[in-house]
Amino acid sequence: MGFSSRYHAAEAERRWQTYWASERVYEFNPDDSRPIFAIDTPPPTVSGDIHIGHVYSYTQAEAMARFWRMQGYNVYYPFGFDDNGLPTERFVEKRLGQRARDVGRDAFIAACLDVSREVEDRFEAFWKALGFSVDWRLRYSTIDPNARRTSQWSFLDLYRKGLVYRAQAPNPWCVECQTAIAQAEMDDTDRETAFYTLQFQIADCRLQINPDQDQSEMCNLQSAIQIATTRPELLPACVAVFVHPDDSRYAALVGHEAITPLFGRRVPILADAAVDPSKGTGAVMCCTFGDTTDVMWWREHQLPLIPLVTRQGRLSEDGSPYAGLTLRQARERIVADLREAGALLDEQATVQTVRVHERCGTPLEILETSQWFIRVLDAKAALLAAGRQIAWHPAHMHTRYEHWVSNLNWDWCISRQRFFGVPFPVWHCDACGGVVLADESQLPVDPMQTAPPHPCACGNADLRPDPDVMDTWATSSVSPQIAGQMLDNPALFERLFPMQLRPQAHDIIRTWAFYTIAKSHFHFGTIPWETLMISGHALAPAGGKISKSKSNSAVDPAALIERYGADALRYWACSGSIGADQQVDETLMKQGVRLVTKLWNAARFIGLQIADYIFQIDSDNQQSTICNLQWSDRFLLSSLQRLVAQATGQFRAYDYAAALEATERFFWNTLCDNYLEWVKGRLYDGAGMERAAAQWTLHQALLILLKLFAPVMPHITEEIYQQLFAHEESCRSIHLSAWPVPDDTLLDSEAERVGMALLALTTAARRWKTARQLSLGAELAQMTIAADDDSL
RNA sequence: GGGCGAUUAGCUCAGUUGGUUAGAGCGCUACGUUGACAUCGUAGAGGUCAGUGGUUCAAGUCCACUAUCGCCCACCA
């Protein structure tokens, strides 16, 4: 074998990936008695291709998995794909160029399964090409039978614990996707709209006139009230007008009724402190439902409900004569008619922030629908407490969780009126309004295809299957239970759970992290993992978010592997600090390539120089070598022990980036630029123990540095390790070898002082030569140095 | 409106519990092919650490305020 003059990354990386697979280097062994380190891998959403952001985030976690494996843990490293749910449905709809409801339930589900499978295989191939140490036997998807079964088990468990309920309630609704959604799935966007001022007549206003005052003025003042709105199309659903209780302009009107223009509906004028008197006219109409304030007023003041907007986003019969129109059409017509009727007093363009569905950008409506909810609002305090038991890296990300939980104001709506998801294991009884749950033995079950286990308690056997599917997060929030094989292998799960690590990006703290913590709390009263490792985002080279649709070779992961190699791409990913966003920077990838080359060349040289020593190593030989270490050897070995201690501490604190930087600095500057040059004389011309001391030192340094680099650059380190050290350590792979432990007997502060003096001497000599434009190889007649260290 | 981050060399970023002349890589300038490496090496130029005020013997680091940027949340009639 031996070292060729050049390292061919593409060939070597493929070769080692094949070797790792055939040697089952990363497979979890349940019979291994060492402590387990279980990782709750983030299953990427199947909604597009791999992008550089995935590489950034996943690689950082992968390097940590390698570190813990070398620390002696029995690493459980599964990999999942989140393919069930709306994101995948939207992706597939886009591909098919057809809406799900037009394709048909069964055909659409089949298409989703096909597309998911294809995308997941591509992802897996990519992660393998990046050298991921995943145990691919543990691959799962959130639509597979085990995931569906676990998810349905979760539902049944929560139902029995009284933590899930079905309610007819106002809830955010997407008219584009035609489904209910949860609070966590809402985004904000600005849109241009108009602020309309409408004139409402006051009912029976003449009866209110005080005969002692000027009649004409009084009548003008109180015969009408002006309200400002951005949603005139909701006028048919107006159920009240609100003013602020301290607003003297309207005080006299509170308790009376206004009449909606065009529709002539009498609605009460009510006072509520939630009204902002300075906004618009200070009087606002309450519709069912324009926003969450309307919902609050509707509840608190027990107002009637007019279901104006249909699930398709059109006006219902309650909007007659505008029934059947889309919201947009209705707005245009109603505004025009208001204008004609003289009820439109003002119209001003304005920019308004509206809530939209994060998946499609469509403004959300609030509809009263029948949905399943999980009671999270009651558990805020417990969920905050759970969050505090988890170690967050970086720590400040915990604050986001705290704020999200503290500010929750909806229970978690988990039902979706969609297709590609986990069905509810439930049949409804229309006779008594009760439900029949599936038996656990039936799971996973599709109630549309399977008969209920028994008739309803009321005797009715004609049950209606629940047609909905679960929110995708309702399933991915049990990823520790899915990945940990809770139902198939409870004994194993017992050992895996709570898991040690959840890596994920910061944008899904409010969803995946939160929901997983909630589920774990509800099911088991425990936290799901000990540590949360939160990654930042990769930013496009010019700054800003990576657009998934943009195909740019500077951010195309496959092209980057081809151009720089997996190790170099990993080097870039791991140079970004934990939790910090980082621009995609090809100069860092080039730096990674240089580091790989430098490692190769240094190893090639060291390998040659120590070849005649390696084979002699035995304890006697090693002992006498250590006794003959020179100042420079002792300097290098001593500072190496400090490096090991430092890098180990940094890895343990999830600061892989700092560990990498320190290791690189030591390797490049201390070892290559200086120590190697110092000992060349001894290596070439020295003899006996003097030479052996340098050989042993180089041997130790290279082996330890390879191990410190191994989590970030698994291929080049394996390549060198296999050539020089694998036989000696009797190890199949550097990645199964033991992480170095600092050897305190090698600490030598005096030698480090001498080393610093040697460095100063070296630098001075180089500066002197450079100033005279001499080659660094030029011989110097003599050197004197005013060193303050007389031990030289 | 509230919160969390960030602001350090032309660019991308490090700067640990406050401690001499603030670092790295890239880029730039000059030089050098020395028996691992030109995908290299050496040396150099380049920063009033966003601003103001404060605490301290000592502040890039701690505190307050301000500005700009990013993200999260709330409001959004």
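Labels below follow one simple rule: chain letters A, B, ... track the order of the sequence lines, proteins then strands, and each chain is numbered from 1. All of these numbers come straight from a predicted model, not from anything done at the bench.
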Salt bridge (charged side-chain N to carboxylate O under 4.0 Å, His left out) between Arg388(A) and Glu402(A), worked out: CA-CA 9 Å; Arg388(A) 293 184 194 122; Glu402(A) 292 263 322; 3.1 Å; yes

Quick one: Glu664(A) CD to C37(B) P, roughly how many Å, whole number? 20 Å

Considering every strand and a 4.0 Å limit on heavy-atom distances, what is the contact class for Thr292(A): base, sugar-phosphate, or nothing? sugar-phosphate

Under 4.0 Å between a Lys/Arg side-chain N and an Asp/Glu carboxylate O for Glu661(A) and Arg665(A)? yes

Between G10(B) and G27(B) - C1' atom distance, rounded Å: 8 Å

What distance, rounded to whole Å, do you find between the two P atoms, one in C63(B) and one in G3(B)? 15 Å

For a quick check of understanding: with a heavy-atom distance under 4.0 Å over all strands, which category does Trp404(A) fall into, base, sugar-phosphate or nothing? sugar-phosphate

Using Watson-Crick or G-U wobble geometry with both distances under 3.5 Å, which nucleotide pairs with G44(B)? C28(B)

When Ala603(A) and Pro277(A) are each assigned the nearest nucleotide of RNA chain B, the 5'-most assignment goes to Ala603(A)

Aromatic-base stack, Tyr684(A) on G35(B), cutoff 5.5 Å, angle under 30: yes

Is there a side-chain contact between Gln582(A) and the phosphate of G5(B), meaning an N or O under 4.0 Å from OP1 or OP2? no

Side chain of Gln352(A): nearest nucleotide among A24(B), U12(B), C76(B)? C76(B)

Using a 4.0 Å heavy-atom cut-off, does Trp572(A) contact any base of the nucleic acid, only the sugar-phosphate backbone, or nothing at all? nothing

Applying the 3.5 Å cut-off to both distances, the Watson-Crick or G-U partner of U39(B) turns out to be none

Separation of G41(B) C1' from Lys680(A) NZ (nearest whole Å): 10 Å

Between A30(B) and C71(B) - P atom distance, rounded Å: 42 Å

Is the distance from OP1 or OP2 of U12(B) to the nearest side-chain N or O of Gln583(A) less than 4.0 Å? yes

Of Ala184(A) and Gly290(A), the one whose nearest nucleotide on RNA chain B sits closer to the 5' end is Ala184(A)

Proximal nucleotide (of A24(B), U42(B), C76(B)) relative to the Thr353(A) side chain: C76(B)

As a test of understanding, state which of Gln348(A), Arg331(A), Arg231(A) forms a side-chain hydrogen bond (donor to acceptor under 3.5 Å, both in side chains) with Thr193(A). Arg331(A)

Passes side chain to side chain contact (heavy atoms under 4.5 Å, CB included), Trp298(A) versus Phe289(A)? Steps please. CA-CA 9 Å; Trp298(A) 171 75; Phe289(A) 297 97; 3.5 Å; yes

Using a cut-off of 4.0 Å on non-hydrogen atoms, how would the nucleic acid contact of Cys286(A) be classed: base, sugar-phosphate, or nothing? nothing

Step by step, would you call Tyr571(A) with Met589(A) a side chain to side chain contact (heavy atoms under 4.5 Å, CB included)? CA-CA 7 Å; Tyr571(A) 174 90; Met589(A) 297 174 200; over 6 Å; no

Rounding to an integer number of Å, can you tell me how far Leu599(A) CG sits from A36(B) C1'? 12 Å

Quick one: label Gln226(A) by what it contacts on the DNA or RNA (base, sugar-phosphate, nothing), any heavy atom closer than 4.0 Å. nothing

Would you kindly give the CD-to-P distance between Glu402(A) and C4(B), to the nearest whole Å? 12 Å

When all nucleic acid strands are considered with a 4.0 Å heavy-atom cut-off, which category describes Leu676(A): base, sugar-phosphate, or nothing? base

Does a side-chain N or O of Thr399(A) approach OP1 or OP2 of G5(B) to a distance below 4.0 Å, or not? no

Here the distance between atom P of A74(B) and atom CH2 of Trp410(A), to the nearest Å, is 11 Å

Counter-base of G23(B), judged by Watson-Crick or G-U geometry with both distances under 3.5 Å: C13(B)

Using Watson-Crick geometry (N1-N3 plus N6-O4 or O6-N4) or G-U wobble (N1-O2, O6-N3), each under 3.5 Å, C69(B) is paired with G5(B)

With a 4.0 Å limit, can you tell me whether Lys279(A) has a side-chain N or O closer than that to the phosphate oxygens OP1/OP2 of C75(B)? no

note: His537(A), atom NE2; G5(B), atom C1'; distance rounded to Å ~ 14 Å

I want to verify a distance call: between A24(B), U12(B), C75(B), whose nearest atom is closest to the Arg665(A) side chain? A24(B)

Ring centers of Tyr250(A), His244(A) separated by less than 6.0 Å: no

Rounding to 0.5 Å, atoms CE (Met285(A)) and CD1 (Ile225(A)) come to a distance of 13.0 Å

Does A59(B) have a Watson-Crick or wobble partner in any strand here, with both distances under 3.5 angstrom, and which is it? none

Is A74(B) paired to anything, Watson-Crick or G-U wobble with both distances less than 3.5 Å, and if yes, which nucleotide? none

Is Arg563(A) salt-bridged to Glu586(A), going by a charged N under 4.0 Å from an acidic O? yes

Nearest-angstrom distance, P atom, U20(B) to C26(B): 27 Å

For Arg355(A), answer base if it contacts any base atom (sugar-phosphate contacts may also be present), sugar-phosphate if it contacts only those atoms, and nothing otherwise; contact means non-hydrogen atoms under 4.0 Å. base

Would you say Trp668(A) places a side-chain N or O within less than 4.0 Å of OP1 or OP2 belonging to G25(B)? no

Quick one: is Gln591(A) getting a side-chain N or O under 4.0 Å of the U39(B) phosphate, OP1 or OP2? no

Rounding to the closest angstrom, what is the interatomic distance between G44(B) and C49(B) at atom P? 23 Å

Euclidean distance for C1', G51(B) against G60(B) (whole angstrom): 14 Å

For the residue pair Lys680(A) and Phe605(A), would you count it as a cation-pi contact if the rule is NZ or CZ under 6.0 angstrom from the ring centre and within 45 degrees of the ring axis? yes

Between Arg682(A) and Asp633(A), does any side-chain N to carboxylate O distance fall below 4.0 Å? yes

For U33(B), which nucleotide in any strand shown is its Watson-Crick or wobble partner with both distances under 3.5 Å? none

Which is true for Thr281(A) with a 4.0 Å heavy-atom rule: it touches a base, it touches only sugar-phosphate, or it touches nothing? nothing

Which value, in whole Å, describes the distance between the P atoms of nucleotides G54(B) and A45(B)? 34 Å

What nucleic acid atoms does Asp294(A) come within less than 4.0 Å of, heavy atoms only: base, sugar-phosphate, or nothing? nothing

Distance, rounded to the nearest Å, where Arg400(A) contributes CZ and C71(B) contributes C1': 6 Å

Integer-rounded Å distance: C11(B) C1' and Met589(A) CE: 15 Å

What is the nucleic acid contact for Val275(A), judged by heavy atoms within less than 4.0 Å: base, sugar-phosphate only, or nothing? base

Determine the contact category for Asp276(A): base if any of its heavy atoms lies under 4.0 Å from a base atom, sugar-phosphate if only primed atoms, P, OP1 or OP2 are that close, otherwise nothing. base

Just call it for Ser577(A): base, sugar-phosphate, or nothing, with non-hydrogen atoms closer than 4.0 Å on any strand. sugar-phosphate

Could you work out the separation of U29(B) and G19(B) based on their P atoms and round it to a whole Å? 36 Å

Taking any heavy-atom pair under 4.0 Å as a contact, classify Thr230(A): base, sugar-phosphate, or nothing. sugar-phosphate

